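Here's the structure we're looking at; comments come further down.
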Amino acid sequence: MTPATSVTKPKVLIIGSGGVGTISALSLTTNNKCEVTLVVRSDYELISTKGYSINSCTYGELTNWKPHNVAKSVTDAAERFGPFDYILVTTKNIPDASITCEQIIKPAVDSSPESVIILLQNGLGVEKPMYAAFPNHLVLSGISHIGSTYYHGHVDNKGPDNVFLGDFNPEGKRHPLSQSKIEEFISIYQNPDNKNKIVLDENVQKTRWEKLIYNSVFNTITALVNLDVTRLQINGVNEDLIRPAMLEVIAIAKSVGVECDASKVDKFIHIGDGLFYAPSMCIDMRKGQLMELEIILGNPMRIARENGVSTPILSVIYSLLKMVQFRIKEERGMFELNQEDFKGNSDDYARIFHDKYV
Ligand SMILES: CC(C)(CO)C(=O)C(=O)O
């Protein structure tokens, strides 16, 4: 392996080749200020031979597109193209999956001692497990506002690639290198003609909460009822359901000292007007894949409970979606129920399930 320092261009590894990861790879490759390696775990044969077909609101129509390097696993990437300067994590963050994000990226982090880990992921509470798993690495927090979906070799990128990047820790508790690494990453990611937009964000905590105003409400409800956002709204739910649920997210954020900009509610209610857009949780549910339920809704709900915030709408949505997630897990064979275990008092079923099957 060549040491990262012996090449002039920084090496960036992208783990997660869905809609977000692929467009990040495209932004970085177009800019050509770094060497880009993309891990493509499913569809490796397809992508390594044919590349992607991409329909992007920013980059136009591309066929047979590939980044500099494509790897079939994180270990393969580390062995053939590492060590890396940056590890950009764009995988779904599903702590209740059979393998966590920390476990997925470990082979690359362990073989890239100087690497900076950038979490370009939805939701809340994604940083802490990373700090714990990799205490010697700088972990940065990124929020993407892109609208982009991957389907079997094709990427449909409907919304521009806008990224907010920062250190999740409060000022005064930040890593000494965080500012300079953020600036360096921005310089390799930002296209000179402003095709994409990446900015240093001094308050990523607030930006994460504000994105949750959308994700905790639209991702969850669309996944629950299997309808895109416009189809929800045709049912006249903006005032009775969507707005009050979004206000619950703002109240939870307030309980941890984060004042969200209230105008985001109207902005997000109308951001997709007419687009018939299905957010990622809805797409995952349709594909029979696990959803990012815990980081999008579970973690905010735990904070609400701890801080005594009333969340009548979100609580119901969370309970119902836990059952959908359970169904997907069972369908995927993550557990096999033995009905003999559930013959007694139903008050005990959750504990029995937790003890025997989780
Ligand atoms: C911004 C948006 C709505 C689109 O990528 C998203 O975060 C999601 O679908 O999860």
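Quantities reported herein were computed from a predicted structural model and do not represent experimental measurements.
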Worked check of salt bridge (Lys or Arg N to Asp or Glu O under 4.0 Å) between E294 and R302:
CA-CA 10 Å; E294 293 308 324; R302 282 179 272 280; 2.6 Å; yes
Given the rule in the side chain to side chain contact (heavy atoms under 4.5 Å, CB included) test, do I295 and L124 qualify, once you have shown the distances and angles that lead to the verdict?
CA-CA 5 Å; I295 55 137; L124 202 72; 5.9 Å; no
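- Note that the NZ atom of K322 and the CD1 atom of I317 stand 13.5 Å from one another [nearest 0.5 Å].
- The aromatic ring centres of H68 and F81 sit 6.0 Å or more apart.
- To the nearest 0.5 Å, atom CG of residue L232 and atom CD1 of residue I242 are 5.5 Å apart.
- Under the 3.5 Å distance criterion, the side-chain polar atoms of E210 are matched with a main-chain donor or acceptor of D261.
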Stepwise side chain to side chain contact (heavy atoms under 4.5 Å, CB included) check, I186 with V199:
CA-CA 7 Å; I186 288 177; V199 293; 5.6 Å; no
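- In this structure, V229 is a member of the same hydrophobic cluster as L321, with clusters built from ILVMFWY side-chain heavy atoms closer than 4.5 Å.
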Please evaluate residues S180 and E183 with respect to the criterion side chain to side chain donor-acceptor pair (under 3.5 Å), reporting the C-alpha separation (whole Å), side-chain torsions for both, the decisive distance (0.1 Å), and the verdict.
CA-CA 5 Å; S180 64; E183 284 169 7; over 6 Å; no
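- For S112 (side chain) and V109 (main-chain N/O), no donor-acceptor pair under 3.5 Å exists by modelled atom type.
- The distance between the ring centers of F185 and Y86 falls below 6.0 angstrom.
- D161 and Y189 form a side-chain donor-acceptor contact under 3.5 Å, judged by distance and modelled atom types alone.
- The two residues I54 and I23 have their closest heavy-atom pair at CG2-CD1, 4.0 Å.
- Residues E127 and R208 are paired through a salt bridge, judged by an N-O separation under 4.0 Å between the basic side chain and the carboxylate.
- Contact between F164 and V204 at its shortest, heavy atoms only, is O-CG1, 4.4 Å.
- Checked by atom type and distance alone, the side chain of E292 pairs as donor or acceptor with a backbone atom of N93 at under 3.5 Å.
- Tested against R243 for a side chain to side chain contact (heavy atoms under 4.5 Å, CB included), the candidates V237, N238, V265, V217 yield a single pass: V265.
- For F335 and F326, the distance between ring centers is under 6.0 angstrom.
- With values rounded to the nearest 0.5 angstrom, I221 atom CD1 is found 14.0 Å from N226 atom CG.
- In this structure, S178 contributes its side chain and H175 its backbone to a donor-acceptor pair below 3.5 Å.
- Linking ILVMFWY residues whenever their side-chain heavy atoms come closer than 4.5 Å, directly or via other members, leaves V139 and L88 in distinct clusters.
- The main-chain N or O of E45 is never found under 3.5 Å from a side-chain atom of K72 such that the two would form a donor-acceptor pair.
- Ring orientation note: the planes of Y214 and F268 are nearly perpendicular, at an angle over 60° on the 30°/60° scale.
- Within the 3.5 Å criterion, the main-chain N or O of S315 finds a donor-acceptor partner in the side chain of S319.
- Residues F168 and L140 are not in side-chain contact: their nearest non-hydrogen atoms beyond the backbone lie 4.5 Å or more apart.
- Across all their heavy atoms, S187 and N31 have their closest contact at O-ND2, 3.7 Å.
- Between the side chains of N122 and K211, at least one donor N or O lies within less than 3.5 Å of an accepting N or O.
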Could you walk me through whether K356 and D341 satisfy the salt bridge (Lys or Arg N to Asp or Glu O under 4.0 Å) test, starting with their C-alpha distance in whole Å, then the side-chain angles of each, then the deciding distance to 0.1 Å, before giving a yes or no?
CA-CA 9 Å; K356 290 200 169 179; D341 290 335; 3.0 Å; yes
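- Under the 4.5 Å side-chain heavy-atom criterion for Ile, Leu, Val, Met, Phe, Trp and Tyr, I117 and L138 are members of distinct hydrophobic clusters.
- Heavy atoms only, all atoms of each residue included: M281 and N219 are closest at CB-O, 3.5 Å.
- Judged by distance alone, the side chains of S27 and Y59 do bring a donor and an acceptor atom under 3.5 Å apart.
- Between the side chain of T91 and the backbone N or O of G16, no donor-acceptor pair lies under 3.5 Å.
- A distance of 10.5 Å separates CD1 in I146 from OG1 in T90, rounded to the nearest 0.5 Å.
- With a 4.5 Å cut-off on side-chain heavy atoms, F218 and D228 do not count as touching.
- Annotation: cation-pi geometry satisfied between K287 and Y151 (NZ/CZ under 6.0 angstrom from ring centroid, within 45° of ring axis).
- The residues K11 and E114 are annotated as not salt-bridged, no charged nitrogen and carboxylate oxygen being separated by less than 4.0 angstrom.
- Judged purely by atom type and a 3.5 angstrom limit, D76 has no side-chain atom pairing as donor or acceptor with the backbone of A71.
- Judged by distance alone, the side chain of Y52 and the main-chain N or O of L62 form no donor-acceptor pair under 3.5 Å.
- With respect to D156 and K158, a salt bridge is recorded, a charged nitrogen being found less than 4.0 Å from a carboxylate O.
- Cluster annotation: Y318 and L241 are assigned to the same hydrophobic cluster (Ile/Leu/Val/Met/Phe/Trp/Tyr, side-chain heavy-atom contacts under 4.5 Å, transitive).
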Could you check V316 against L320 for side chain to side chain contact (heavy atoms under 4.5 Å, CB included), going step by step and ending with a plain yes or no?
CA-CA 6 Å; V316 173; L320 295 173; 3.9 Å; yes
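- Put simply, CG on D273 and OG1 on T230 are 7.5 Å apart, with the number rounded to the nearest 0.5 Å.
- Using a cutoff of 4.0 Å between basic side-chain nitrogens and carboxylate oxygens, E171 and R174 are not scored as salt-bridged.
- Proximity of I94 to M291: side-chain heavy atoms (C-beta onward) are nowhere separated by under 4.5 Å.
- Between E248 and P312 there is a side-chain heavy-atom pair separated by less than 4.5 Å.
- The number of heavy-atom neighbours closer than 6.0 Å to NZ of K329, taken from other residues, nucleotides and ligands shown, is above 12.
- The shortest heavy-atom contact between G147 and N157 is O-ND2, 3.1 Å.
- Remark: side-chain polar atoms of K66 are paired, donor with acceptor, to backbone N or O of S48 under 3.5 angstrom.
- Residues M285 and L293 fall within the same hydrophobic cluster, defined by Ile, Leu, Val, Met, Phe, Trp and Tyr side chains chained together at heavy-atom separations under 4.5 Å.
- Here CD of Q190 is found 11.0 Å from CG of L28. Values are rounded to the nearest 0.5 Å.
- D193 and N191 are not linked by any side-chain donor-acceptor pair at a separation below 3.5 angstrom, with hydrogens and angles left out of the test.
- The closest side-chain donor-acceptor pair between T207 and D201 falls under 3.5 angstrom.
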Check the pair N162, S144 against side chain to side chain contact (heavy atoms under 4.5 Å, CB included), reporting the backbone distance first and the verdict last.
CA-CA 6 Å; N162 289 340; S144 166; over 6 Å; no
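- In this structure, K106 and F134 approach most closely via the heavy-atom pair CA-CZ, 3.9 Å.
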